[in-house]
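First comes the structure, then the notes that go with it.
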Amino acid sequence: NANLTNANLTNANLTNAKLINTDLSGANLSGANLSGADLDLANLTGVSLTGVNLTGVIWSNTTCPDGSVTNTGC
């Protein structure tokens, strides 16, 4: 359980990262690589996913940027 609220993760390589139960609300993920990342219970409220590599991401009870919760992708 990590708090990365408002973190600047621009161009970060988060390939296969275990971001389980991580609060990423308001974080800057511009150009980040999240391929294969586990976003189980992650909070992405207010995050722009434009330009983010989401290939193979694990979505499970993930809170999307619009506040909806998904198991299939934001």
Kindly say whether Leu19 contributes a backbone atom to a donor-acceptor pair with the side chain of Asp38 at under 3.5 angstrom? no
How long is the straight-line distance from [atom2] of [Y] back to [atom1] of [X], given to the nearest 0.5 Å?
X     : Y     : atom1 : atom2 : value
Asp23 : Asn3  : CG    : CG    : 5.0 Å
Thr45 : Asp66 : OG1   : CG    : 8.5 Å
Leu39 : Asn61 : CG    : CG    : 12.0 Å

Can you hop from Leu24 to Leu41 via hydrophobic side chains spaced under 4.5 Å?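 No; Leu41 is not reachable from Leu24 via cluster members.
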Is Leu4 reachable from Ile58 through a run of I, L, V, M, F, W or Y residues, each pair having side-chain heavy atoms under 4.5 Å apart? no
Considering residues at least two apart in sequence or located in another chain, which fulfil the side-chain hydrogen bond (donor to acceptor under 3.5 Å, both in side chains) criterion with Asn13?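 Partners of Asn13 under the side-chain hydrogen bond (donor to acceptor under 3.5 Å, both in side chains) test: Thr15.
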Show your working on side-chain contact (heavy atoms from CB on, under 4.5 Å) between Val69 and Thr63 and close with a plain yes or no. CA-CA 4 Å; Val69 177; Thr63 304; 4.0 Å; yes
side-chain contact (heavy atoms from CB on, under 4.5 Å) partner of Val52, chosen from Val47, Asn33, Val57, Leu29: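 Of all the options given, the one that passes is Leu29.
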Taking the side chain as everything from C-beta on, heavy atoms only, tell me whether Ser25 gets closer than 4.5 Å to Thr5.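 Side chain of Ser25 against side chain of Thr5, heavy atoms only: contact under 4.5 Å found.
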Where do Trp59 and Cys74 come nearest, in terms of heavy atoms and distance?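 Shortest heavy-atom contact: CZ3-SG, 3.6 Å.
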